[in-house]
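First comes the structure, then the notes that go with it.
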Amino acid sequence: MLTRGPPSPAEGGGGSGVSRRALLAGLALLFAPRRAGAQELPEAPLVVDLVARGRRLGQAGGAVRTLIAKARDVRYLSVYGYTRLVGYDADLNLQPDVLESVAVEGGRFTLRLRAGHRWSDGEPFTAEDFRYYWEDVANDRDLSPGGPPDFLIVEGKPPAVSFPDARTVVYAWERPNPRFLPALAGPRDPLIYRPAHYLKPFHPRYVGREAADAAAKAQKLRGWAALHNRLDDNFELNNPDCPTLQGWRPRTRAPATRFVFARNPHYHRVDAAGTRLPYIDTILMDVASSGLLVAKTNAGEADLMFRGLAMNDIPSLREGERAHGYRTHLWPLARGSEIALYPNLTTLDPVWRRLNRDLRYRRALSAAIDRRTLNNTLLFGLGTEGNDTIVPESPLFRPEMRSLNAAYDPAEAARLLDAIGLTGRDGSGIRLMPDGRALEVVVESDGEASLILDGLMLIGEFWREVGIRLVVKPQERTNLRRRSMAGMTVMVAAQGLDLAAPTAIMPPTGLSPAQPDHYAWPRWSLNLERGGAGGEPCDVPAVERLIALDREWSMSTDPARQGEIWREMLMNHAQNQWVIGTVAGALQPVVAANRLANLPDRALYSWEPTALIGVQRLDEVFWDKAAGGNAAGAVGGGRG
């Protein structure tokens, strides 16, 4: 159970989410005779009540094929496999997963492990694995030069971490830390534990510096830390020897064109009939050129496919459905805006800085965009036009967050530009800036999303009508971030708000300079990140308010107040248009073989908080042998 004093519904605190039916099934498992050949279960497994959630009990077995564009993409299985200490369910309630329970009292978090839980290699999973991470990884300067991760630091101080017994871990801060549990449930697992039994033989604290360095030298690595980092591989999934708690463990080393993941025989979840999850025995990841992902999916070479597919691929994917026995599910993308424009309020050019900080200018840019045409052209008219904000599926949503200051009104845009004083024009009709330069907005983008580049071409036509020239400048992503931090960008085009389906207990990321990598105020973010040692301090009152609200959220344990903070921050954005949104509501194709059961026809798709398809529980998907048609079979990829 996840509790905080009296538990709050927003935290899933009304109980562990386990129904009476599942509880009785769990008790039956404990007292049932052990089946021959069955792997030992934890004494308190997580019993999944599929029927209560409208799903079916499945059968174990079979392989699922998917495609990846490069070998490194195998790491995404740790995202959408979604095994977490605590995680979100499909309704975005926070629930214990690997943990048996979490108790919260102010800044004190007591984590309780499941008795008898084991790593994939059969070794016990205990508090020692948390101690090893905290003392020997997070606080070892060779392995973690920056110290513990940011979500473990409250007002500059780390927690006091203790290990009362083999099943209990306590994190205690002097003040509340509402970021802690949401960070554990994130799309990228922070992994605040490590397989201590596996890694200790490579750490100088346990074998001595000489032996640890010798082991690294034998692998032609510069030092013991490099070897330890290579072996410590619960996220990248390149080391088949590294024990895991995930549903599937890697069996293939790079380089390879096919990566095999085998079912974890010690996984902690079971269904109400006593069948250990995951149902699927094997996941096969085949490497294919990114330009061929759609064609290969269309040809039936994948049983489950979503990463690498986009909305404009839907017609092609539909064509192959009948011949190859799959269905293209269309999941709404939970993203603030498919194309968002970020005027850089911290650009070093003084003329552009004054212009970008003028609310009239930002509103003029917004009013000059014909979002209906963008929607029809880019999203087949199925999108939602308006600001970069959260989606209606979030309980925090209000319609005005999307609509305020987002209507197409070129006459109003022209009036606002005139009011600023941008009345002069050059021979081609482009307005002149106060220093005599043409009002030519260089919009930089990482160039990786074709939809953004296509949209910028249309936006350029809309802005040209009110006397603004738009110049597109694609950049490599790392270089774009570097230029942004240095104050060299004037405007950036990118996707909008990532966390667009929040609940109150999720940190308001992307809404203030308190988070890094925000193109609207990169130098303010840098200043906060480095404690004043870089960038520049914020000097705009409305943004200072955002910083203050973010800080207040991080000090609050009241979901009602946290929700109020979210809404004020979102309305601050809608009123000030720090980011200019265009159109949201793209559809993500999720292609699945007809016989794959327990995959919803429609669900939200996002990086955060859904971990792509993670909260829909891939470990509950199975091959329905009674449905007829094809099913993936052996590891060799045959169809049976």
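Along the sequence shown, residues are numbered consecutively beginning with 1.
Of the residues listed (T110, V104, I192), the one engaging Y171 in a side chain to side chain contact (heavy atoms under 4.5 Å, CB included) is I192, and it is the only one. Paired with H117 under the rule ring-ring contact (aromatic ring centres under 6.0 Å, His included), one option of F125, Y193, Y267 passes, and it is F125.
Taking the six-membered ring where the residue is Trp, the centroids of W173 and F180 are separated by under 6.0 Å. When ring centroids are compared, H266 and W119 stay outside the 6.0 Å threshold. Ring centroids of F163 and F130 are separated by 6.0 Å or more, keeping the two rings apart. Remark: aromatic rings of Y80 and F306 are close, center separation under 6.0 Å.
Side chain of N576 to main chain of N572: a donor-acceptor pair is present (N/O by atom type, distance under 3.5 Å, no hydrogens or angles). A donor-acceptor distance shorter than 3.5 angstrom exists from the side chain of N387 to the backbone of L404, with no hydrogens or angles considered. Between the side chain of Y82 and the backbone N or O of Y88 there is at least one donor-acceptor pair closer than 3.5 Å. Checked by atom type and distance alone, the side chain of S554 pairs as donor or acceptor with a backbone atom of R551 at under 3.5 Å.
C242 contributes atom SG, which lies 9.0 Å from atom CG of L237 (distance to the nearest 0.5 angstrom). R72 contributes atom CZ, which lies 4.5 Å from atom CD of E236 (distance to the nearest 0.5 angstrom). Between atom OG of residue S162 and atom CZ of residue R108 there is a gap of 6.0 Å, rounded to the nearest 0.5 Å. Taking SG of C538 as the start and CH2 of W521 as the end, the distance is 8.5 Å to the nearest 0.5 Å. Interatomic distance, D140 CG to W134 CH2, rounded to the nearest 0.5 Å: 13.0 Å. The CD atom of E135 lies 10.0 Å from the NE2 atom of H203; values are rounded to the nearest 0.5 Å.
Residues forming a salt bridge (charged side-chain N to carboxylate O under 4.0 Å, His left out) with E174 (at least two apart in sequence, or on another chain): K157.
Other residues, nucleotides and ligands place more than 12 heavy atoms under 6.0 Å from the CZ atom of R353. Within 6.0 Å of the CZ atom in R205, the count of heavy atoms belonging to other residues, nucleotides or ligands exceeds 12.
Using modelled atom types and a 3.5 Å distance limit, the side chains of D142 and H228 yield no donor-acceptor pair.
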